[in-house]
Amino acid sequence: MRSATADPAAIRWGLPLLALVLATIIFALPLAAVFAEALRRGWGVALAAIAEPDTLAAIQLTLLVAAISVPVNTVGGIAAAWAVAKHDFPGKRLLVTWIELPFSVSPVISGLVFVLLFGAQGYFGPWLRERDIQIIFALPGLVLATVFVTFPFVARTLMPLMQEQGRSEEEAAATLGASGWQTFRRVTLPNVKWALLAGVLLCNARAMGEFGAVSVVSGHIRGQTNTMPLHVEILYNEYMFAGAFAVAALLALLGVVTLGAKAVLERASERRLGGAA
Amino acid sequence: MTVEVQGLVRRFGAMAALDGVSLALEPGEFAAVLGPSGSGKTTLLRVLAGLDFPDEGRVLLAGQDVAAVPARERGVGVVFQHYALFRHMTVFENVAFGLRVRPRRHRPAEAEIQRRVTALLELVQLPELAARFPDQLSGGQRQRVALARALAIEPRLLLLDEPFGALDALVRKEVRRWVRGLHDRLGLTSVLVTHDQEEAMEMADRVAVMDRGRVVQFATASELLAEPETPFVAGFLGEAGRLVGEVRAGLLLVEDVGFTGSVPLPDGPAEVIVRPGDVRVLAPADFGDLSPIAIGKVRSLRPVCDGAWRVVVAMGDRVIEGMAAGSPLPRGADCVLEVTRLVVFGANASGRAIWTANDPGHRSLGAGHQGFFAVD
């Protein structure tokens, strides 16, 4: 017997199959190719390529940039989502739109904006030079560009959830004598912890993988301002395929692990909520 | 604790949710705030809780003006409409919350918190559910957890915002009595916000009826029913038929039902409220009293209890409900209405009069159609 909402078999089986084939071609195959290429000449060659001092420096820099940008965006994202979801203020809509700006603007443009602001010929260039502060072609520039590009991840993950949860629990906490900070720490934050972790992981994946904006502000100084994605490009352009693919594989691995962790978290949070009647 | 609000005004944009609200509660009183949605009752509760602040007016708790004191410093217990339990905390932690967030020097020791939360869970009859999460509870259980949580801070004023709305009808009646019992036992002062008149009249000592941001009457349930101060109160509480009448030289004429009687009101149109319990429906042959009457046709009837009937009577375009006793009149039969009591509101809020058939001063006048006169 067919239920009222059942589609013909061709659609019921055909569409998922089509999705699976597309996913294989677009996502799985390239990923597999990266790992296959990296390991084509054996583990030894791949590990040796990664052990190169310039490569190690790139890995270190990538981790450092992520280690600074992700906490900054976590705090900023929570603050933005909290402000938008739990409070009314003039300009709220504008703020929501602004938060999405990094998603809608090409990362290259984001990078260029920072060069325009802080570069040698930029608005603040002379002022910075007088004080011997280097932003562009240095770590601060990389962090700024990464923070800008990855800002929406945490904020946009939390905002819909916080909005849906409303303010009633916060109000209840207030009537029970909790201060603003106590309410935030004991009520607001625990209510969104799974979404927050998911947002942080996505933010981290993008922070480590960001190319466009970072490329503009980096200056590509090997061993100094080269992050992993930039290093992959340099190695590739110099026909050092083994090294390029080894670093690419490592970068891809970081991304896959991040996604895996996110999936596990989502399962865990569903199981917790699954207890609901 | 005495609770008093004076001249509260709270505007949202151009609309005034509270438009000059004044109320005074006795210590230990259970008051209900009753009104249709949008009448401002929830805003009043939020102002009392310190979750919203009035644009004008004063809020006095135990004689102290707290209009500018935020919720967390008021120590007022609130049971929210949808309970607003902390979803990631167990029942125990929900109840313990108010104790745990106290400043260190006022915070009870852990053992004391355990003891008090356990005692509260016993009070609300849920000791075995301490380890559950809110989403594992039924509506009635959540409601009691919300109550225990609000009581944990030992409030002297308890506010209840439509707390029984999410419960099914059977549980609701039981919980209502239980909450009222708790109020009496703990010596609380309570304010219940509701749109359910039965709930308000059953639970509360006095009921404040709100309409469009104002308290139109604050009185006991029986006073509200017997002596409503405005047509709104008369129509909102209890069952009421509304008729249009006219006063001329102290004489009320309700043309639709052919009624006349004397009322001390100025000339002009009048709004007439008649309750089914004050209307006796009789077969024309049974009519023998001197009270004013009118004639109509039985449209439908249903039994209310042994030998008593609730009858819907059509009088021209109007429909009036009344009571009949004895053997039922058949549908479509002619019948006579004997009205024993009317509440009459004069035009432009010029006053209210209550007309009763037994009042000798009123009895001298009265008339009806079809030759059924009742004149001394």
Side-chain angles (χ1 to χ4, degrees), chain A residues 78 81-83 85-93 157-200 265-277, chain B residues 12 42 45-46 48-52 69-90 93-104 106-107 131-139 141-142 145-146 148-155 157-159 161:
Chain A
I78 292 172
W82 182 72
K86 309 282 181 183
H87 301 272
D88 289 315
F89 51 90
K92 187 164 142 174
R93 276 166 176 277
T157 318
L158 292 186
M159 236 181 262
L161 183 65
M162 280 188 171
Q163 255 160 350
E164 184 206 310
Q165 289 180 346
R167 304 173 196 178
S168 61
E169 286 182 44
E170 279 78 6
E171 289 186 341
T175 64
L176 293 166
S179 65
W181 171 245
Q182 282 175 320
T183 303
F184 177 73
R185 194 171 57 81
R186 288 171 178 262
V187 177
T188 310
L189 207 51
N191 273 349
V192 297
K193 63 182 170 203
W194 298 112
L196 175 63
L197 277 168
V200 166
L265 282 178
E266 271 165 7
R267 289 271 297 270
S269 70
E270 264 165 33
R271 211 171 307 138
R272 166 66 194 89
L273 293 175
Chain B
F12 295 107
T42 294
L45 180 118
R46 292 176 61 83
L48 284 172
L51 293 168
D52 205 340
V69 176
R72 72 184 142 93
E73 288 162 30
R74 278 198 200 179
V76 170
V78 185
V79 175
F80 290 86
Q81 191 169 5
H82 301 292
Y83 315 136
L85 296 177
F86 305 126
R87 67 192 87 193
H88 67 281
M89 289 183 208
T90 61
E93 286 305 318
N94 262 282
V95 178
F97 186 88
L99 301 173
R100 292 206 195 283
V101 296
R102 282 192 188 169
R104 198 173 294 275
H106 297 303
R107 197 185 307 157
R132 297 264 191 100
F133 284 92
D135 57 15
Q136 299 165 322
L137 302 179
S138 72
Q141 290 167 338
R142 279 181 216 185
V145 175
R149 183 179 69 175
L151 293 175
I153 59 168
E154 296 177 321
L157 174 62
L158 182 66
L159 306 176
D161 186 7

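Order of the sequence lines sets the chain letters (A, B, ...), proteins ahead of strands, with each chain counted from 1. Basis for what follows: all heavy atoms, side chains included, without hydrogens, waters or symmetry-related copies.
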B/R102 backbone acceptor or donor facing B/R107 side chain under 3.5 Å | yes
Give a yes or no on whether the backbone of A/M162 and the side-chain of A/Q165 come within a donor-acceptor separation of less than 3.5 Å.
-> no
If you count heavy-atom pairs under 4.5 Å between each of B/A71, B/P103, B/P70 and chain A, which one has the most?
-> B/A71
Could you check which of B/L85, B/L99, B/L159 has the highest count of heavy-atom pairs closer than 4.5 Å to chain A?
-> B/L85
Under a 4.5 Å heavy-atom cut-off, does chain B meet the side chain of A/E170, its backbone, both or neither?
-> neither
For each of A/G180, A/A173, A/G166, A/S168, tally heavy-atom pairs with chain B at distances under 4.5 Å, and name the one with the top tally.
-> A/A173
Calculate, to the nearest 0.5 Å, the distance between atoms CD1 and CG belonging to A/I78 and A/L196 respectively.
-> 4.5 Å
Distance from B/T42 atom OG1 to B/D161 atom CG, nearest 0.5 Å?
-> 4.5 Å
Heavy-atom distances under 4.5 Å only: say whether [X] touches chain A with side chain, backbone, both or neither.
X      : result
B/F97  : side chain
B/R149 : both
B/A152 : neither

Salt-bridge contact B/D135-B/R142 (side-chain N to carboxylate O under 4.0 Å) = no
Exactly one candidate in B/R100, B/R87, B/R132 meets salt bridge (Lys or Arg N to Asp or Glu O under 4.0 Å) with B/E93; the answer is B/R100
